Amino acid sequence: MQHNLFIYNTLSRTKESFQPLHPPHVGMYVCGPTVYGEPHLGHARSAITFDLLFRYLLFLEYKVRYVRNITDVGHLENDADEGEDKIAKKARLEELEPMEVVQHYTNSYHAMMDKLNVSKPSIEPHASGHIMEQIEMIQQILDAGFAYESNGSVYFDVEKYSQSHKYGILSGRILEDLIDNTRTLDGQNEKRRNVDFALWKNAQPEHIMRWKSPWGAGFPGWHMECSAMSCKYLGEVFDIHGGGMDLLFPHHEAEIAQSTVCHHKIPAKYWMHNNMITLSGQKMGKSLGNAITLEQFFTGNHPLLEKAYHPMTIRFFMLQAHYRSPLDFSNEALQAAEKGLQRLLKAVELLDKLKSSETSSVNVGEIEKAVFEALDDDLNSPIAIANLFEAVRTINLVQENKETLTEADLQRLKDMMHGVLFDILGLLPATSSAGDNQLVEKLMALIMEIRANARTNKDWATSDLLRDKLAASGISIKDTKDGATWEVGS
RNA sequence: GGUACCAUGGCCGAGUGGCUAGGCAGCGGUCUGCAAAACCGUGUACAGCAGUUCGACUCUGCUUGGUACCUCCA
């Protein structure tokens, strides 16, 4: 089947046909987490969005190098230039080595991503491991005359840059507005203009994360790492740069300015931004103090959560909204997603048991076409999923002999469902909930046999007693035409 | 204050100048010893006002409400 992938490019604010610079290779860089706290739902949104893209590009048989960084230096506290490095501050509070903190939260992030079935990137570089590259790039910007040194720090000269380049090309910002309207911040005295941003920061004596540089001991500025690392692993110009919408300005704008000075080109062809997760309509964020961590979702251990949610429920919940739309969290929405996903997965299981017919009464190709057209249209996963539900209805109707499918169509539907659901959307097939305990399996088999015998003898009292007692223990029994099944939970 | 964006049925959430999104809930039905589960069927909603148009939820303007960014943030 012919695919023509369109993706929304923030740079042009339109959907563009995706044409890699060097097909079949695709270079993709996504801004990863700052590892100073437990990963929350927002991290999952970004990771799942670009995992979907990564998986779809692989499905389309591109050879993708996916780089997603770990930010472990260079992010300042709210008090901006006078502040200390976030990682360092956290370390002092907990009396740990900074790298110990980094490792701890990196491990958490990885564990949560694994649960969400987020593919690992091809390369996961750490900012702290690329200080040399960042220093070199800063030197290049200084040599080109687009930065100045001040009191052991180096700042990017935005005004100078804007004389020959368009600063604000990505975010649509106008320099004059920024100069007029940027709020007054502390510690602006080192900078010529409030819009200038730090490339290198002089480290105060108490600042424990520090590296030697031509300008003294310090640490790299907020935006250098992504420019340096994307260039190192993907080249001066690569295909896709992704990240959350909140990084659009100033982070990505600064990246463009830095890289443009060094390489005279905008570093990426397509810029993609996922929207935010909101909680009661407000952005969920660590700094806002309203973030629910992924761990809490999986355990249900949070006052706002009515229950624990399976990682796949979270994943499916996100995929049911388009990545560029804000998505509001609620227990009701999550439980709706949980039910819907169950329905989808049950139908996929049922698919293996369907009997084929001489003719097909349903046009499988049509459903398949609709699914892929949706994915091709800027990864419209909600429409793709809606069409998957069309397939579910078909599957159930075939089961009831109200629709028919030929052997070939059955196989085609199977391939499509598996390919889209598991390979592209990255969902995991339903697992039998107690399959990890052989003893339980054997005991339950015995109990089910006793109950089946009672039922054959119309001994409803015994049958109901077993059902009720098991229910009280959290095991539910479902009677179907082909006998009874059991599972832990609802 | 500046710059963007959004406003869809009970909830979540797509989309389009005229034709069914989808999921969950609700309702009706099938199945069942009963129940649960499962399955099938079922909803004409698009903030307000004005305009463009043969026709607007979809285009334009205004109003109201909301969000994001401008400061570390997915």
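Residue numbers start from 1 in every chain, and the chains themselves are labelled A, B, ... in the order their sequence lines are given, proteins ahead of strands. None of these values were measured; they are calculated from a predicted model.
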**Student:** With heavy atoms under 4.0 Å as the rule, sort A:Gln335 into base, sugar-phosphate or nothing.
**Tutor:** nothing
**Student:** So what does A:Ala386 touch, heavy atoms closer than 4.0 Å: a base, only the sugar-phosphate, or nothing?
**Tutor:** base
**Student:** Do the side-chain N and O atoms of A:Tyr309 and A:Gln335 include a donor-acceptor pair separated by under 3.5 angstrom?
**Tutor:** yes
**Student:** Is there a Watson-Crick or G-U wobble partner for B:A68 with both distances under 3.5 Å, and if so, which one is it?
**Tutor:** B:U3
**Student:** Could you state the CZ-P distance from A:Arg324 to B:A14, rounded to the nearest angstrom?
**Tutor:** 10 Å
**Student:** Would you indicate, yes or no, if B:A14 has its OP1 or OP2 atom less than 4.0 angstrom from a side-chain nitrogen or oxygen of A:Ser325?
**Tutor:** yes
**Student:** Between A:Tyr161 and A:Phe156, is the ring centre distance below 6.0 Å?
**Tutor:** yes
**Student:** Can you tell me how far C1' in B:U3 sits from the matching atom in B:G9, rounded to whole Å?
**Tutor:** 33 Å
**Student:** Between B:A37 atom P and A:Trp486 atom CH2, what is the distance in whole Å?
**Tutor:** 20 Å
**Student:** More than 12 non-hydrogen atoms from neighbouring residues, nucleotides or ligands closer than 6.0 Å to CD on A:Glu306, yes or no?
**Tutor:** yes
**Student:** Whole-Å distance between B:C39 P and A:Leu345 CG?
**Tutor:** 12 Å
**Student:** May I ask you to evaluate whether A:Ser463 reaches the phosphate of B:G33, defined as a side-chain N or O under 4.0 Å from OP1 or OP2?
**Tutor:** no
**Student:** Among B:G13, B:C69, B:C40, find the nucleotide with the atom closest to the side chain of A:Lys402.
**Tutor:** B:C40
**Student:** Record whether the side chain of A:Arg455 comes under 3.5 Å of the base of B:G33 through a donor-acceptor pair of N or O atoms.
**Tutor:** yes
**Student:** Between A:Arg68 and B:A74, is there a contact of a side-chain N or O with OP1 or OP2 at under 4.0 Å?
**Tutor:** no
**Student:** Are A:His322 and A:Tyr8 an aromatic pair, judged by ring center distance below 6.0 Å?
**Tutor:** no
**Student:** Check whether any side-chain N or O of A:Arg393 sits under 4.0 Å from OP1 or OP2 of B:G41, and answer yes or no.
**Tutor:** yes
**Student:** Rounded to the nearest angstrom, tell me the gap between atom NZ in A:Lys339 and atom P in B:G26.
**Tutor:** 8 Å
**Student:** Let me know the distance between OH of A:Tyr167 and P of B:G2, rounded to the nearest Å.
**Tutor:** 20 Å
**Student:** Under 4.0 Å between any heavy atoms, over every strand shown, what does A:Leu247 touch: base, sugar-phosphate, or nothing? Just pick one.
**Tutor:** sugar-phosphate
**Student:** Between atom OH in A:Tyr309 and atom C1' in B:C12, what is the gap in whole Å?
**Tutor:** 13 Å
**Student:** Could you check whether A:His40 gets within reach of a base, just the sugar-phosphate, or nothing at all, counting any heavy atom under 4.0 Å?
**Tutor:** base
**Student:** Answer yes or no: side-chain N or O of A:Arg467 and base N or O of B:A35 forming a donor-acceptor pair under 3.5 Å.
**Tutor:** yes
**Student:** For the side chain of A:Asn396, starting at C-beta, report the closest nucleotide among B:C12, B:C39, B:G22.
**Tutor:** B:C39
**Student:** Could you check whether A:Leu327 gets within reach of a base, just the sugar-phosphate, or nothing at all, counting any heavy atom under 4.0 Å?
**Tutor:** sugar-phosphate
**Student:** In whole angstrom, give the distance that lies between atom CG of A:Asn387 and atom P of B:A14.
**Tutor:** 15 Å
**Student:** Please classify the nucleic acid contact of A:Glu390 as base, sugar-phosphate, or nothing, using heavy-atom distances under 4.0 Å.
**Tutor:** sugar-phosphate
**Student:** Side chain of A:Pro382: nearest nucleotide among B:C12, B:G15, B:G13?
**Tutor:** B:G13
**Student:** Assign A:Gly42 to base, sugar-phosphate, or nothing according to its heavy-atom contacts below 4.0 angstrom with the strands shown.
**Tutor:** base
**Student:** Ignoring hydrogens and geometry beyond distance, is the side chain of A:Asn275 in donor-acceptor contact with the base of B:A68 at under 3.5 Å?
**Tutor:** no
**Student:** Any N or O donor-acceptor pair linking the side chain of A:Asp459 to the base of B:G33 at under 3.5 Å?
**Tutor:** no
**Student:** Closest approach to the side chain of A:Leu397, judged atom by atom: which nucleotide of B:A38, B:C40, B:C12 is it?
**Tutor:** B:C40
**Student:** To the side chain of A:Phe389, which of B:A74, B:C12, B:G22 is closest?
**Tutor:** B:G22
**Student:** Tell me the interatomic distance from A:Arg451, atom CZ, to B:C34, atom C1', rounded to whole angstroms.
**Tutor:** 11 Å
